[in-house]
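Inspection log for the structure reproduced underneath, given as structure tokens.
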Protein chains: 2
Amino acid sequence: MARWQPGARDRLVLAAVDLFADQGYDSTTVAQIAEKAGVTKSTFFRHFPDKRELLVAGQETLCRLLIEGIAEAPEDAGPLDAIAAGLERAANAMGPMNRELGPRLKAAIAASTELQERDALKSVGLAKAMTDALLARGVPDPLAHLAAELGVLAFKRGYATWMELDHDEDGLAPQVLAALAELRAASASLG
Amino acid sequence: MARWQPGARDRLVLAAVDLFADQGYDSTTVAQIAEKAGVTKSTFFRHFPDKRELLVAGQETLCRLLIEGIAEAPEDAGPLDAIAAGLERAANAMGPMNRELGPRLKAAIAASTELQERDALKSVGLAKAMTDALLARGVPDPLAHLAAELGVLAFKRGYATWMELDHDEDGLAPQVLAALAELRAASASLG
């Protein structure tokens, strides 16, 4: 099996995250990111308008996939089944790049308050996307909000497990769905 | 009944939040905050080391009260009953200043990505404080994490209701506990 080879866009993201971890987000320039990724600055700007956008790009795709998966779940699916459909759609779009990125991003976030704040806002954005998608299906509040928070927790927990696996056989989706099932059982026991 | 009169510290917080809403967090200086609050810059620095700390101070008190309330809940209290004890302790420390601050802070946050990021990190901090306090009571993960997320949602929802009341008869605690009861019922129905 051929080893995964990142393209220019993925190399830029990986280089940026490593530089953020080493020297901080603020101190890292586009020129440094391009140099570390082995591309020119104009290649950087073909992929991203600026340094900030590089972190936001993945987030938008993730939200879109979650929303699509929730919207297209069977009409009679309950809130957590719809969340499961959204999570599965999003997780199936995650490949070797995301597994590679995970631990590096974690290191960068641990080293920077600014990245911690952005990461927190990202979680809020994911929760909002899932809440709105459930409300659009007619799930009442606060049930929609609560189910969405379970979805965010499941995604994070599943991702953390996935990153730590020695070998990736089945991808991210089974890990996320297992985490959601565990949270569903916990939720029932809280009632 | 005497109208509530904010002291210098509260006036500084209110002035700062209004300036953040009007002209952004970055553009607001300590000198402007002091002037609007009708105090000197040295009075500002007697209360806060810098502009950033002004936003963080309330957060630390809130976390401490949540943790104390959870730790001191009866030994046989379940996870959500311990969360309720923490929320009640924290809510009882909130007075007219917090009701005054709420809508202004909401406006400031709506106007600033930076404040949105900080507010999101604040929610993560509250969830972590409550999760750790439950883990210390022997509540297993992910139950502890989930119960803490319900606590954060209950606090936010109760606070939002409280801010919108025409008259404040009973304080924040009943609103937060009602929100928690509603979330508990929703949680049971998700199982």
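Letters A, B, ... are given to chains in the order of the sequence lines, protein chains preceding strands, and every chain is numbered from 1. Heavy atoms only: backbone and side chains are in, while hydrogens, waters and symmetry mates are out. Computed from a predicted model, the values in this text were never measured in an experiment.
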* State whether the side chain of B:Arg104 and the backbone N or O of B:Ala21 hold a donor-acceptor pair below 3.5 Å, judged by distance alone. => no
* To do: Tell me, out of A:Pro142, A:Ala188, A:Ala186, who's got the most heavy-atom pairs with chain B below 4.5 Å.
  => A:Pro142
* Where the side chain of A:Asp168 meets the backbone of A:Gly171, is there a donor-acceptor pair that is under 3.5 Å apart? -> yes
* Asked: Counting a contact as any heavy-atom pair under 4.5 Å apart, which residues of residues 145-158 of chain A contact chain B?
  -> A:His145, A:Leu146, A:Ala147, A:Glu149, A:Leu150, A:Leu153, A:Arg157
* **CG on A:Asp119 to NZ on A:Lys106, rounded to 0.5 Å** => 11.5 Å
* Who among B:Ser189, B:Ser187, B:Pro140 has the most heavy-atom pairs with chain A under 4.5 Å? -> B:Ser187
* Find out whether A:His47 and A:Thr43 are in side-chain contact, i.e. whether some heavy atom of one side chain is under 4.5 Å from a heavy atom of the other. => yes
* Asked: Looking only at atom types and distance, does a side-chain atom of A:Lys51 sit under 3.5 Å from a main-chain N or O of A:Thr28, one as donor and one as acceptor?
  -> yes
* Segment of A:Ser123 engaging chain B (4.5 angstrom heavy-atom cut-off) -> neither
* Check step by step if salt bridge (Lys or Arg N to Asp or Glu O under 4.0 Å) holds for B:Arg52 and A:Glu117. => CA-CA 14 Å; B:Arg52 181 182 179 110; A:Glu117 288 172 348; 2.9 Å; yes
* **Contact leader toward chain B among A:Arg118, A:Glu114, A:Gln116, where contacts are heavy-atom pairs under 4.5 Å** => A:Arg118
* Polar side-chain atom of B:Asp141 near backbone of B:Ala144 as donor-acceptor pair, under 3.5 Å -> no
* Donor-acceptor contact present, side-chain B:Thr131 to main-chain B:Ala127, <3.5 Å -> yes
* Using non-hydrogen atoms and a limit below 4.5 Å, what part of residues 59-88 of chain B faces chain A? -> B:Pro79, B:Leu80
* Asked: Nearest 0.5 Å, what's the CH2-CD distance between B:Trp162 and B:Gln175?
  -> 9.5 Å
* Roughly how far, to the nearest 0.5 Å, is OH of B:Tyr159 from CG of B:Leu101? -> 5.5 Å
* To do: Output the distance between atom CG (B:Leu12) and atom CZ (B:Arg46), rounded to the nearest 0.5 Å.
  => 10.0 Å
